Amino acid sequence: MLPGCVPWPAEEADRYRREGYWKGEPLGELLRRGAAEHGDRTALVARGARICYRELDARADDLARGLSALGIARGDRVVVHLPNRPEFVLATFALLRIGALPVYALPAHREREIGHMCAFAGAAAYLTADRYLGHDYRETARKVAALPEVALRHVLVAGDAQEFTALESVESAGRALRDTPLPPPGPSDDAALFLLSGGTTGLPKLIPRTHDDYAYNARAAARVCGFDQDTVYLAALPAAHNFALACPGVLGTLAVGGTVVLPDDPSPQESLRLVAEERVTATALVPSLLALWLDAQEWLPEDLSSLRLVQVGGARPDAATAARVRPVLGCTLQQVFGMAEGLLCLTRPDDPADLVLSCQGRPLSPADEVRVVDGAGEQVPPGAVGELLARGPYTLRGYYRLPEHNARVFAGGWYRTGDLVRRLPDGNLAVEGRVKEVINRAGEKVSAEEVEEHLAAHPAVRQAAVVGESDPVLGERISAFVVVEDGAACPTPGELADFLRARGVAAYKAPDRLAPIPFLPLTAIGKVDRKALPTAAP
Ligand code: OOB
């Protein structure tokens, strides 16, 4: 095991192998198998170019040899900071094949996050693009490489590399070494890659995912979603995020011989155009992006008749938005409640529509174990709200190099998710908020998410974000930021209190403070970034 990572206990690991969850196959083989079975089929579509399985496989090998010749070796960490371009997929397989570990940064990250990741991971290399969406990533590379705590041996750039090493030149150097055998990637139960924790507070933590666990995650998700070689998956979210990478995402699609479409930019216009042009069948969206798709489709309709499945996750969609999927997009909605740490819950494509609208899904694997507990760690009665604990064949046993934090967050192999859920009698989970986003107002506990949902139901309110602010009298007060519908006047706190009361909501949940805001700040993956909301009263 890579030092700093926490293995599963031998007993559980044996069970996961025996029961067929862990197949003992390195993740890099997922594409090798694809190439053997689907050689001429299109694996990737990007910027009008089409790359078949055989070509993608061969190019990944070339890049693997090139990287190896540069001295990048098994166990090295490489921060991968690429937008959704073919190089992302090539670099992923090249690194996996030589046992070097990609550490996936999101395109929206800048030198603060990247510097932290490079330092904390002890990265040997940083791989980025030249420019994307108006940002020059070489500038980021310069700033990061200059940090005293960062010790990069290489900076690789896809595109115009300027003073850095061009990724293309590494691939062509590797092409000249085609007769050289590739070094083996190491045991399949060892860490293969690092994902970032999705927490909206503090700097991201690193989550090691093993070859065995992540391959299972991708394959099982593909199975549950009905992906096959006719699937055309649009990576509308950053492929560096677990949702679009392996739930089933890019890896799940490639595992079954489907086609991955990479948009040039993340705008709904570009995505919807590609759905029509490439006959896309499935995609994954966060609620904020789904709302944009729905609006865009109403004023600039495209032919979406190929679309079968739209996955929505990362945050809970409001009921009204979720209900528009079938009428506006003409396809099945799938709610996905996942986390980079592992556990993935999904509604199933053949679930009744009212069930899909009422919960966030059930665990992916028969081997997933979940518990819903109160503050004392005791299981709550069925149907009551409590904190979700999880363990299973693809849920981490510890964050990378954080033994003290791990001691607090893991007990008996259970990962404390920090999410408040309700378990329905059929095993589905409804997400009710987060432990941390509970506002303690004069002793009353208020879920920020619950208040947001009520505020968003007001006709003048398009979106709302609620945070707790310290208050000399109440301890914490409820502060609401609202985006008002076009042409509507911002409701007053009194009107909102009346509105909430009319909905039968306890009076203590009404916001104490209200501020109109032009748009809600989002995190790198598109969730509402509560910590970026202004905290002082306007
Ligand atoms: C996904 O992963 P992360 O790591 O960015 O964030 C995980 C957290 C969860 O612990 C939960 O608090 C929240 O995001 N979350 C949801 C949700 N899906 C995730 N909260 C409410 N409803 C949902 N459907 O966000 C992620 C990873 C894989 C697949 C999908 C999402």
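Just so you know, ligand 1 is whichever comes first in the structure, and atom 1 is the first atom listed for that ligand. This structure is a prediction, so every number in the text was calculated from the model and none was measured.
By the 4.0 Å heavy-atom criterion, L344 is counted among the residues contacting ligand 1. In this structure, Q335 falls outside the shell of residues with a heavy atom less than 4.0 angstrom from ligand 1. The closest approach between a heavy atom of Q311 and any atom of ligand 1 is not below 4.0 Å.
With atom 24 (N) of ligand 1 as the reference point, the heavy atom nearest to it among L343, V431, V336, T417 is part of V336. Closest to atom 22 (N) of ligand 1 by heavy atom, among E341, E449, E432, R316, is R316. Nearest-heavy-atom check against atom 7 (C) of ligand 1 across A340, A284, G338 picks out G338. Ranked by closest heavy atom to atom 28 (C) of ligand 1, the top entry among L420, N242, N217, L106 is N242.
Considering backbone and side-chain atoms together, Q360 places no N or O closer than 3.5 Å to any N or O of ligand 1. In terms of polar-atom proximity, S197 is not counted as a contact of ligand 1, lacking any N or O under 3.5 Å from an N or O of the ligand. The N/O atoms of D419, backbone and side chain alike, include one that comes under 3.5 Å of an N/O atom in ligand 1.
A cation-pi arrangement is present between R110 and Y137, with the terminal nitrogen or guanidinium carbon under 6.0 Å from the aromatic centre and inside a 45° cone about the axis. For the pair R401 and F120, the cation sits on the ring face: its NZ or CZ lies under 6.0 Å from the ring centre, inside 45° of the axis.
Side-chain atoms of T140 and H109 form no donor-acceptor pair, as typed in the model, at a separation below 3.5 Å. Looking at Y214 and N242, their side chains do bring a donor and an acceptor atom within 3.5 Å of each other.
When heavy-atom distances to ligand 1 are checked against a 4.0 Å cut-off, A315 comes that close only through its backbone atoms N, CA, C and O. With a heavy-atom cut-off of 4.0 Å, M339 touches ligand 1 through backbone and side chain alike.
Put simply, the residue from N428, D368, T347 that forms a side-chain hydrogen bond (donor to acceptor under 3.5 Å, both in side chains) with R362 is N428. Of the candidates E449, E453, E450, E450 is the only one forming a salt bridge (charged side-chain N to carboxylate O under 4.0 Å, His left out) with K509.
The 12-atom threshold is not exceeded at CZ of R308, counting heavy atoms of other residues, nucleotides or ligands nearer than 6.0 Å.
Under a 4.0 Å criterion applied to the non-hydrogen atoms of K527, ligand 1 contributes the atoms 1 (C), 3 (P), 5 (O), 6 (O), 7 (C), 8 (C), 13 (C), 14 (O), 25 (O).
A salt bridge is absent between R324 and D318: the closest approach of a Lys/Arg side-chain nitrogen to an acidic carboxylate oxygen does not fall below 4.0 angstrom.
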Could you walk me through whether L27 and T92 pass the side-chain contact (heavy atoms from CB on, under 4.5 Å) check? CA-CA 10 Å; L27 252 183; T92 289; over 6 Å; no

